[in-house]
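To start, the structure under review is shown below, and the notes come after it.
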Amino acid sequence: ATDTDECLAQYIAAFCRWHNEKYRTKLKEEDFTDWDISKAIGVTRQEELRRLYEFHRSQYFFAIQPVPGSVRATRTLKERGNTLFVTTGRQLEIRVETHEWIGLYFPETFSGIHLGNHHSLNDLPKKPKSEMCDDLGADALIEDSLATAIECAKPGRKVLLMNRTWNQTGKLPE
């Protein structure tokens, strides 16, 4: 299984470009030392969610580029006989856009796309990635959040943690 944002998609780079134009800021990826976007942009959680939804309707969201090497890496994993799934915290409101983006850059690579509905304004249930991985029988996860990596790590499941500024603050367990 693999996360989408910052494992397959350069979400933060696109968000920074959008935010800088819209709000006249000078955000950079290095400003994100925590996956809590509200901390990086200096707003309340409610305002963060409002801005995320606004970003998801922008041209910048539709122009997100793949993480360098992700297309080749997932293709190689698929060619070697692995069954691959996307497990993302993305909101259910952007399900169609998420499926379209993955289909565009990763055609016929994934056997399913599962959204956890995290950071959502709707009242629909949220599903932790650990449950998604358990339900799928995933024996490995590619992730960028240290907290999620720790939550999902268990005997029989490897977690590969992408090197990102927001996951440098915690200590990795054995």
Scanning both residues in full, the closest heavy-atom pair of S130 with C152 reads N-SG, 3.5 Å

So how far is it from C16 SG to I37 CD1, rounded to the nearest 0.5 Å?
9.0 Å

What pair of heavy atoms forms the shortest contact from A149 to L161, and how long is it?
CB-CD1, 3.9 Å

Determine whether L146 and Q168 make a side-chain contact, defined as any pair of heavy atoms from C-beta on separated by less than 4.5 Å.
no

Do I41 and Y23 have side-chain heavy atoms sitting under 4.5 Å apart?
no

I113 side, atom CD1; I102 side, atom CD1 - distance, nearest 0.5 Å
4.0 Å

Hey, mind stepping through W166 and D36 against side chain to side chain contact (heavy atoms under 4.5 Å, CB included) and telling me if it holds?
CA-CA 9 Å; W166 50 86; D36 184 345; over 6 Å; no

Do L141 and L115 sit in one hydrophobic cluster, given that two such residues count as connected whenever their side-chain heavy atoms are within less than 4.5 Å of each other, even indirectly?
no

Donor-acceptor pair, side chain of E6 and main chain of I12, under 3.5 angstrom
yes

List the residues meeting side chain to side chain donor-acceptor pair (under 3.5 Å) with T25, not counting sequence neighbours, and say none if there are none.
H19, N20

Any pair counted as salt bridge (Lys or Arg N to Asp or Glu O under 4.0 Å), so long as it reaches residues 7-27, sequence neighbours left out
K22-E54

With sequence neighbours left out, which residue pairs that include part of residues 141-157 fulfil the salt bridge (Lys or Arg N to Asp or Glu O under 4.0 Å) condition?
K129-E143, D134-K154, D134-R157

Applying side-chain contact (heavy atoms from CB on, under 4.5 Å), name anything that partners L121, two or more places apart in sequence or on another chain.
Q46, L49, Y53

For E97 and F61, work out which heavy atoms get closest and say how close.
CB-CE2, 3.9 Å

Is there a donor-acceptor pair closer than 3.5 Å between any side-chain N or O of S58 and the backbone N or O of H56?
no

With a 4.0 Å cut-off, would you call R50 and E47 a salt bridge?
yes

Could you measure the distance from the CG atom of L8 to the CD1 atom of I64? Nearest 0.5 Å is fine.
11.5 Å

Would I94 end up clustered with F106 when hydrophobic side chains under 4.5 Å apart are linked, directly or stepwise?
yes

Answer whether the closest heavy-atom distance between the side chains of M132 and T88 falls below 4.5 Å.
no

So does Q91 get a backbone contact from the side chain of S120, meaning a donor-acceptor N/O pair under 3.5 Å?
no

With sequence neighbours left out, write down each residue that passes side-chain contact (heavy atoms from CB on, under 4.5 Å) with Y105, or none if nothing qualifies.
Q65, P66, W101

Could you check whether the rings of Y11 and F55 sit parallel, tilted or perpendicular, using 30° and 60° as the cut-offs?
perpendicular

Okay, side chain of S70, backbone of V67: is any donor-acceptor separation there less than 3.5 Å?
yes

Salt bridge (Lys or Arg N to Asp or Glu O under 4.0 Å) pairs, two or more places apart, involving residues 116-127:
K127-D135

Pairwise salt bridge (Lys or Arg N to Asp or Glu O under 4.0 Å) hits with a residue in residues 75-90, at least two apart
D5-R90

Sorted by chain and residue number, the side-chain contact (heavy atoms from CB on, under 4.5 Å) partners of L124 (sequence neighbours excluded) come out as L92, N117, N122

Test side chain to side chain donor-acceptor pair (under 3.5 Å) applied to H114 - qualifying residues, sequence neighbours left out:
none

Other members of the hydrophobic cluster containing V96, with the 4.5 Å side-chain heavy-atom rule, please.
none

Which other residues belong to the hydrophobic cluster containing F85, where Ile, Leu, Val, Met, Phe, Trp and Tyr are joined when side-chain heavy atoms lie under 4.5 Å apart, directly or via other members?
L136

Under 4.5 Å between side-chain heavy atoms, counting indirect links through other Ile/Leu/Val/Met/Phe/Trp/Tyr residues: same cluster for V159 and L84 or not?
no

With sequence neighbours excluded, tell me which residues meet side-chain contact (heavy atoms from CB on, under 4.5 Å) with D31.
L27, K28

Do P68 and Q10 touch side chain to side chain, with heavy atoms closer than 4.5 Å?
yes

